[in-house]
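Heads up: the structure comes next, in structure tokens.
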Amino acid sequence: MHVVDVLSVTRRFGAKTVLKDVTLSVERGEIFGLLGPSGSGKTTLIKLMTGIDKSDEGTVRMLGEQMPKLAMLQRFGYMAQSDALYQELTALENLQFFASLYGLSGSRRKERIQAAMKVVDLLDHLNKPVAAYSGGMKRRLSLAISLLHEPELLILDEPTVGIDPVLRQSIWNELTALKERGTTIILTTHVMDEAEKCDRIGLIRNGELTAVDSPEGLKSASGTDSLEQAFIVLGGGVRA
Amino acid sequence: MRTRALAIRIIRQFLRDKRTLALLFLAPLLVLTLMHFVFNGQQVKPHIGVAGIAPQMYESLNIKDANLTSYDNQKDAEKALKNGDLDAVFSIVNGQPAILMEGSDPAVSRSVILVLQKALQVNLNVPKPNVSYLHGGEDLSSFDSFGPVLIGFFSFFFVFLLAGVAFLRERTTGTLERLMATPIRRSEVVGGYLLGFGVFTLLQASLIAWYSISVLGMYMVGAVGLVLLVNLLLTLTALTLGTLLSSYARSEFQIIQFIPIVIVPQVFFSGLFNLDAMEPWLQKISYAMPLYYGADAMRSIMIRGEAFSDIQLDIFVLLGFSILFALLNILALKKQRAI
Ligand SMILES: Nc1ncnc2c1ncn2[C@@H]1O[C@H](COP(=O)(O)OP(=O)(O)O)[C@@H](O)[C@H]1O
Ligand SMILES: [Mg+2]
């Protein structure tokens, strides 16, 4: 069974069509990347998958259920493109809040907070107010929040933006480890070398999904030896 | 459980934010205190010049409620009036009493007339009527009379502002979107806000009521519990209205712009000013204003000592406003999440 199915989805904002007839499926246990320049519609597509937003045409299914559906919001972990954190509260208080929203309480909540913060290497900064966090730390805290309820699906919108290369590497190690344990991961990126690490990539440009394949598959289909070149060839030959 | 988590988060944020706490708790006390001193002070004695009146007549006029100055002729007195030394000139022309007012402040003019009428009545030996009061009393100051309205107004105003800004922040910082990506229901979001803010607004209402009555000595003959109940309902209305309108604001400044549109008209219709002189159809506008019902209930309780059964209409209308605005809030959240 597919974890996410997007079937002929179109989304318009006013007169502007932001997603045009997008169809794709995400397999269980893979890391699926959405690659495209900024403004191409990645975030919009992600929001349709989560059920925060609703498509104008077509259907979205998550784990077999038609979206949007309230109960499904418990089934995935989400990291928004902008860090949505309460600045005046400490990291711990932010984590406690979101954990409670996912139904965690008592010792289980404590346990999960520790585990998630260990993953992103922020255990030492648990009691700091978020306002005192650096940009990279906020990003990692957002990731930790998405891991709290051990979801089977992670949806991450530009998870490594503003994170230095060393940390980016460690986050990718963690994502790979999560994948090994069976978690499906959907993420967006506009960084080519990050896309290389995904199992499969969807190329998106101007709201159109131009190709979906593994990095190797994309390169050979376009007859190029870098993803960047493949993107230009398969995306219609025009640089965004 | 999710409602409680949201309420706890709001309370924690509040406790971190000392400025907002001060605004919520100290600002109303400060303004009330100022009002107390302005409207509860000594009676102002008008300065009246008396021109061309026989000495013994002048003697008998000698009244405590005004500062009298005698002038030899009308001309000198009028000069003093022009110079701003006097509020009025009293003279008798051909046996007919005449008052020339300075006239720029109607309140002063009224008190001049009052003082002189009293004096003339005494001189004419008209028997003084026995005055008794159904409510209040001779000592009821204007502060006592509009104080109950002020208490309600502060609860309403500050909560409207704070709730509006808090909810706007939640939206503009993206945390609302993040919140809506969790399994929280839209009704739980509104409920959490009501609960979190409710705690503070109840504290605020208690503090304002206690301060006004016990420290400033505001006139109060009713039940304290009822005062708190009405205040709580008023603040819940303000809270739900504030968060609802914040959906239509894009910045803190735009929340401020709601004040002249939403708050100021309510003040005019709340009973601070007597509306009897207004066109009857205009008076009816007050029926659409939450503060009108809150102010009416507060006055009824504090000045007339009325019981729950006397003010239940006000209570139910306020409750109705809160429920209506809360439901509209739940509906407005659809803009944030499809379900
Ligand atoms: N709520 C909205 N209203 C109007 N236009 C929007 C809205 N959300 C996104 N867009 C537009 O849709 C396009 C795609 O945006 P987005 O999905 O955020 O792109 P990406 O995440 O790939 O950078 C952009 O042109 C953006 O301006
Ligand atoms: Mg985006």
Side-chain angles (χ1 to χ4, degrees), chain A residues 11 43 46-56 60 65-90 92-106 109 129-131 138 141-142 145-146 148-149 151 155-157, chain B residues 1-24 162 165-193 195-197 200 250 252 330-339:
Chain A
R11 180 73 173 109
T43 300
I46 288 264
K47 283 192 188 165
L48 291 177
M49 291 179 183
T50 57
I52 298 173
D53 195 14
K54 210 169 142 188
S55 62
D56 294 304
V60 176
E65 300 275 357
Q66 176 139 358
M67 300 297 279
K69 188 172 182 195
L70 190 68
M72 297 311 288
L73 290 160
Q74 180 76 34
R75 303 285 292 275
F76 63 88
Y78 175 62
M79 179 173 166
Q81 182 170 353
S82 60
D83 291 304
L85 301 163
Y86 298 98
Q87 303 278 337
E88 56 275 55
L89 300 182
T90 64
L92 179 64
E93 288 166 336
N94 271 280
L95 289 156
Q96 285 172 340
F97 172 58
F98 282 106
S100 303
L101 294 183
Y102 285 106
L104 298 169
S105 59
R109 187 174 79 174
V130 171
K138 286 181 193 161
L141 178 57
S142 297
I145 289 171
S146 73
L148 279 173
H149 62 297
I155 300 183
L156 314 173
D157 200 354
Chain B
M1 153 110 172
R2 283 185 287 254
T3 306
R4 211 189 58 180
L6 182 52
I8 290 175
R9 191 213 84 205
I10 289 172
I11 292 170
R12 278 178 167 165
Q13 282 177 299
F14 244 120
L15 295 177
R16 281 303 132 74
D17 188 354
K18 301 285 182 283
R19 277 179 82 104
T20 302
L21 278 182
L23 181 70
L24 193 61
L162 291 181
V165 169
F167 205 65
L168 177 99
R169 287 242 177 91
E170 182 102 55
R171 195 158 48 85
T172 53
T173 58
T175 51
L176 184 60
E177 188 197 308
R178 180 67 190 85
L179 198 59
M180 297 313 268
T182 74
I184 196 166
R185 285 170 198 282
R186 283 180 282 128
S187 56
E188 287 171 328
V189 175
V190 177
Y193 260 78
L195 195 61
F197 269 87
F200 283 95
R250 252 170 285 131
E252 272 95 341
I330 295 174
L331 212 62
L333 276 175
K334 272 212 161 180
K335 275 210 296 195
Q336 304 301 322
R337 185 175 72 190
I339 44 163

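Every chain is numbered from 1, with letters handed out A, B, ... down the list of sequences.
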### Message
Just to verify, what does A:S105 make a side chain to side chain donor-acceptor pair (under 3.5 Å) with, not counting sequence neighbours?
### Response
none

Which portion of [X] sits near chain B, non-hydrogen atoms under 4.5 angstrom:
X: A:Q96; result: side chain
X: A:D83; result: backbone
X: A:L85; result: backbone
X: A:S55; result: neither

Rounded to the nearest 0.5 Å, what separation is found between the [atom1] atom of [X] and the [atom2] atom of [Y]?
X: A:Q87; Y: B:R169; atom1: CD; atom2: CZ; value: 11.0 Å
X: B:I339; Y: A:K54; atom1: CD1; atom2: NZ; value: 9.5 Å
X: A:Y86; Y: B:T175; atom1: OH; atom2: OG1; value: 4.0 Å

#### Entry: Contact listing (chain A partner; residues 10-18 of chain B; heavy atom under 4.5 Å)
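Interface residues of residues 10-18 of chain B: B:R12, B:Q13, B:R16.
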
### Message
Heavy-atom pairs under 4.5 Å with chain A - which of B:E188, B:R185, B:R4, B:E177 has more of them than the others?
### Response
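Answer, by heavy-atom pair count under 4.5 Å with chain A: B:E177.
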
### Task
Mind listing the closest non-hydrogen atom pair of B:A181 and A:Y102 along with its distance?
O-OH, 3.5 Å

Largest heavy-atom contact set with chain B, pairs under 4.5 Å, which of [options]:
options: A:H149, A:K47, A:M79, A:M72; result: A:K47
options: A:G77, A:S100, A:G103; result: A:S100
options: A:G51, A:P68, A:A99; result: A:P68
options: A:N94, A:D53, A:I155, A:L70; result: A:L70

### Query
In chain order, what residues pass the salt bridge (charged side-chain N to carboxylate O under 4.0 Å, His left out) check against A:E65, with sequence neighbours excluded?
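Here the qualifying residues are A:K69.
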
### Any residue meeting salt bridge (charged side-chain N to carboxylate O under 4.0 Å, His left out) with B:R178, in chain and number order, not counting sequence neighbours
none

### Task
Compare all side-chain heavy atoms of B:L179 with those of A:F97 and state whether any distance is below 4.5 angstrom.
yes

### Message
With heavy-atom distances below 4.5 Å as the criterion, would you say the side chains of A:L73 and B:R337 are in contact?
### Response
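They are in side-chain contact.
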
### Query
Testing B:R2, B:R9, B:M1 for side-chain contact (heavy atoms from CB on, under 4.5 Å) with A:L101, which one passes?
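Looking at B:R2, B:R9, B:M1, the match for A:L101 under the side-chain contact (heavy atoms from CB on, under 4.5 Å) is B:R2.
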
### Which atoms of B:T173 approach chain A - backbone, side chain, both or neither, heavy atom under 4.5 Å
backbone

